[in-house]
There are 2 protein chains.
Amino acid sequence: MSTVRKAVSLLELFTLEEPEIGLSDLSRKAGLDKATARRLLMALAEHRLVEQEPVSRRYRLGAGLTRLARIRDAQLPLLPVAIPILRELSQQTGETVHISEYSAGALLTIHVELSPKANRVNVNVGQILPLHGTASGLALLAFVREEIRRDCLRTPLAAFTPHTMTDAKQVLQAVWLAAERGYSRSGQGYEEGVHSVAAPILGSDGYPIGTVAIASPVSRADDSVAAVQGALVIEATRRITKQLIGEPVEPAERALG
Amino acid sequence: MSTVRKAVSLLELFTLEEPEIGLSDLSRKAGLDKATARRLLMALAEHRLVEQEPVSRRYRLGAGLTRLARIRDAQLPLLPVAIPILRELSQQTGETVHISEYSAGALLTIHVELSPKANRVNVNVGQILPLHGTASGLALLAFVREEIRRDCLRTPLAAFTPHTMTDAKQVLQAVWLAAERGYSRSGQGYEEGVHSVAAPILGSDGYPIGTVAIASPVSRADDSVAAVQGALVIEATRRITKQLIGEPVEPAERALG
DNA sequence: AACGGCGGTTCAAATAATGAACCGATAACG
DNA sequence: CGTTATCGGTTCATTATTTGAACCGCCGTT
């Protein structure tokens with residue numbers, strides 16, 4: 001494993017639940033020697049990607065990350081634009097709504113608006129979603145470049161639940177349906193008991209840069225609910241796309257059977 | 001130079017002005033071989049710290065940074081709390097206001113509210129401020145732990161303008177004055193023609209975690225203006241501190257002559 | 001006082017990083 | 001329309017960096 005990968009994997013040990021970690025703990029969790037972990041941390045600290053709490057001597061993520069993230073967000077300010085729209089969508093539907101960003105062949109969940117209901121779907125920020133097993137993934141596949149879709153479906157498809165579609169043909173059917181309707185649907189393909197509906201956010205080139213999904217307990221989902229949610233999620237993503245680009249964007253391509 | 005440092009220095013080449021850079025360009029700017037730069041970028045991309053624009057093949061900062069920054073900000077949510085207060089402060093004074101975070105022995109500027117006036121001070125997000133040459137630095141030094149202050153003033157002090165105080169005794173005088181008044185003042189210590197007034201934001205332990213500064217053209221600054229700005233910047237930092245911690249915080253220590 | 005865990009350091013051995021030369025593709029030029 | 005330059009990307013023998021077991025001093029517990 002390259003040194004850089006090890007260093008970054010150290011960064012990824014910090015979570016919302018555990019934002020400060022000591023050296024020994026950190027090295028154990030990363031599977032690295034203490035000396036190695038320390039050298040990597042020092043290098044990261046030099047650029048403020050981590051910092052050390054002076055009294056406890058524990059490490060935490062550094063201010064440099066805030067800075068870099070702001071540079072990125074200035075270029076592609078997804079969250080500030082999307083969050084109010086997601087909140088509204090969550091209120092309209094009473095369900096958990098999450099937004100994911102497409103990056104390096106996968107979807108990364110970057111924000112969640114939780115349903116106020118006691119029986120709700122919980123989604124974590126930072127979660128990586130498989131393209132073939134989630135509504136978000138299907139919505140993305142329905143509008144990406146043909147080549148990316150092919151690459152994704154060529155590799156063997158992992159099963160996350162007994163309901164996961166692992167046959168490429170089957171997935172393609174769902175993708176075609178999503179391309180036609182404008183929204184995708186997935187029942188328990190990634191997590192048991194979770195039903196989702198999703199639509200893509202388009203970039204200025206007409207290809208998806210991410211997705212928005214509404215996740216409900218299966219007990220509250222049926223065809224008519226899905227149709228309503230589908231229409232709402234399409235509207236939400238259109239609004240986000242429009243605000244992001246400054247004008248409505250048409251999909252550059254649609255998966256067609 | 002360690003591999004990690006090289007990798008991070010690649011990240012730091014991306015700026016608001018140039019958020020997308022090609023491989024050759026990137027390797028030249030970093031002073032690295034093209035092959036080396038590429039390997040580093042691949043490692044970073046694997047963790048989504050950078051991503052590659054599929055068509056132009058140029059690189060840009062990745063979504064993983066947004067995610068990590070959100071974890072950090074959840075722990076220390078300076079900006080969301082501070083920005084509205086900074087904006088107000090900028091409107092009250094008509095001057096440029098900036099906030100910096102203390103990390104690893106230096107101040108990093110994390111947000112700027114620019115003055116609406118034509119003749120204004122421009123400050124860039126991401127800029128690192130020297131502790132002895134800026135009002136922000138002096139405000140910090142006035143309230144940090146004795147040991148940090150000593151360490152800072154022991155090393156030779158760089159001169160950024162003919163006005164920079166490079167004598168530790170002289171700097172200490174300014175620090176003492178700042179500790180007494182609650183705000184610091186610096187005239188052209190870092191940039192010609194810039195006058196600044198600053199105060200510290202305190203963490204729950206009573207030590208500064210950052211500073212807020214009001215930067216004016218020297219032509220608009222005199223003793224009475226500075227006194228007014230000083231009172232305003234103290235009030236702003238107190239409000240930020242209070243919102244951050246949940247209650248007012250008294251300084252743990254003051255530099256005293 | 002003995003113990004165990006912490007953060008941090010050392011240095012010979014082992015492994016990973018390096019970069020000059022190369023490839024094919026694309027854009028610019030006379 | 002060939003020539004040239006630059007792009008992103010790759011290769012592999014050479015080289016320099018990373019590695020980790022053992023060590024330190026420190027602190028709180030037993």
Side-chain angles (χ1 to χ4, degrees), chain A residues 1-14 18-62 75 103-105 145-148 151 205 207, chain B residues 1-14 18-62 75 103-105 145-148 151 205 207:
Chain A
M1 198 197 217
S2 75
T3 327
V4 175
R5 265 169 266 260
K6 285 177 209 154
V8 180
S9 74
L10 278 176
L11 291 180
E12 306 207 314
L13 293 175
F14 297 94
E18 195 179 14
E20 271 194 25
I21 315 181
L23 173 62
S24 299
D25 213 7
L26 216 35
S27 63
R28 264 191 305 270
K29 281 178 175 142
L32 297 173
D33 188 86
K34 216 170 30 155
T36 305
R38 182 152 198 283
R39 260 181 320 100
L40 298 176
L41 286 167
M42 295 318 265
L44 292 170
E46 215 165 90
H47 293 268
R48 285 167 240 282
L49 264 46
V50 298
E51 58 194 33
Q52 197 174 12
E53 223 287 310
V55 294
S56 72
R57 292 193 158 179
R58 304 203 307 168
Y59 296 86
R60 64 173 171 221
L61 295 176
Q75 194 188 359
S103 170
R145 277 180 296 139
E146 167 64 26
E147 182 201 338
I148 295 177
D151 286 356
D205 57 0
Y207 288 105
Chain B
M1 198 199 225
S2 77
T3 326
V4 175
R5 266 168 264 261
K6 285 176 209 155
V8 180
S9 74
L10 278 176
L11 291 180
E12 306 208 312
L13 294 175
F14 297 93
E18 194 179 15
E20 272 193 24
I21 315 182
L23 174 61
S24 298
D25 213 6
L26 217 34
S27 63
R28 264 191 306 269
K29 280 176 176 146
L32 297 173
D33 188 86
K34 214 170 32 154
T36 305
R38 183 154 197 282
R39 258 178 321 99
L40 297 176
L41 287 167
M42 295 318 264
L44 293 170
E46 216 165 89
H47 294 266
R48 285 167 239 282
L49 264 46
V50 298
E51 58 194 30
Q52 197 174 14
E53 223 285 311
V55 294
S56 71
R57 292 193 158 180
R58 304 203 307 169
Y59 296 85
R60 63 172 171 223
L61 296 175
Q75 194 188 359
S103 169
R145 277 180 296 138
E146 167 64 26
E147 181 201 340
I148 295 177
D151 285 358
D205 57 0
Y207 288 105

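Lettering of chains follows the sequences in order, A, B, ..., and the numbering in each one begins at 1.
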**OP:** Apply the side-chain hydrogen bond (donor to acceptor under 3.5 Å, both in side chains) test between B:Tyr59 and each candidate in B:Gln52, B:Glu20, B:Glu51; give the one that qualifies.
**Re:** B:Gln52
Original post:
If you check every side-chain atom of A:Arg38, which of C:dT9, D:dT18, D:dG9 has the closest atom?
Top reply: C:dT9
Original post:
For the side chain of A:Gln52, counting heavy atoms from C-beta on, which of C:dA17, C:dG8, D:dG8 is nearest?
Top reply: C:dG8
**OP:** Select from A:Lys6 and A:Asp33 the residue whose nearest nucleotide in DNA chain C is closer to the 5' end of that strand.
**Re:** A:Asp33
Subject >> Proximity to the side chain of A:Thr36 - top-ranked nucleotide from C:dT9, D:dG9, D:dT19 >> reply: D:dT19
Subject >> Selection from C:dG8, D:dG9, D:dT18 that lies nearest to any side-chain heavy atom of A:Arg57 >> reply: C:dG8
Original post:
Which nucleotide in the set D:dG8, C:dT18, D:dT18 lies at the smallest distance from any side-chain heavy atom of A:Arg39?
Top reply: D:dT18
Subject >> Atom-to-atom span, NZ of B:Lys34 to P of D:dT6 - whole angstrom >> reply: 11 Å
Subject >> Whole-Å gap separating P (C:dG7) and CD (A:Glu51) >> reply: 17 Å
Subject >> DNA chain C: 5'-proximal contact among A:Met1 and A:Met42 (nearest heavy atom) >> reply: A:Met42
Original post:
Which residues, if any, of residues 19-31 of chain B bring a heavy atom under 4.0 Å of DNA chain C?
Top reply: none
Original post:
Phosphate oxygens OP1/OP2 of C:dG8: is one of them under 4.0 Å from a side-chain N or O of A:Tyr59?
Top reply: yes
Original post:
Below 4.0 angstrom from OP1 or OP2 of C:dA16, is there any side-chain N or O of B:Thr3?
Top reply: no
Subject >> Verdict with reasoning, A:Ser2 to B:Arg39, per side chain to side chain contact (heavy atoms under 4.5 Å, CB included) >> reply: CA-CA 9 Å; A:Ser2 75; B:Arg39 258 178 321 99; over 6 Å; no
**OP:** Check whether any side-chain heavy atom of A:Asp25 lies under 4.5 Å from a side-chain heavy atom of A:Glu18, and answer yes or no.
**Re:** yes
Original post:
Which atom names give the shortest non-hydrogen contact between A:Thr3 and A:Leu40, and what distance separates them?
Top reply: CG2-CD2, 3.6 Å
Original post:
What integer distance in Å separates B:Leu32:CG from D:dT17:P?
Top reply: 13 Å
Original post:
Going through the distances and angles, do A:Leu10 and A:Val50 end up as a side chain to side chain contact (heavy atoms under 4.5 Å, CB included)?
Top reply: CA-CA 10 Å; A:Leu10 278 176; A:Val50 298; over 6 Å; no
**OP:** Specify the separation, in whole Å, of atom CG of B:Leu40 and atom P of C:dG19.
**Re:** 10 Å
Original post:
Between OG of A:Ser9 and NE2 of B:His47, what distance do you get to the nearest 0.5 Å?
Top reply: 6.0 Å
Subject >> B:Pro19 to B:Arg60 - nearest heavy-atom pair and separation >> reply: O-CB, 3.3 Å
**OP:** Specify the closest pair of heavy atoms between B:Lys34 and B:Ser24, including all atoms of both residues, with the distance to one decimal.
**Re:** CD-OG, 3.7 Å
Original post:
Any idea which heavy atoms bring B:Lys29 and B:Ile21 closest together, and the distance?
Top reply: NZ-CG2, 4.5 Å
**OP:** Using five pairs at either end of the helix from C:dA1-D:dT30 to C:dG30-D:dC1, determine the angle between the two local helix axes and round it to 10 degrees.
**Re:** 30°
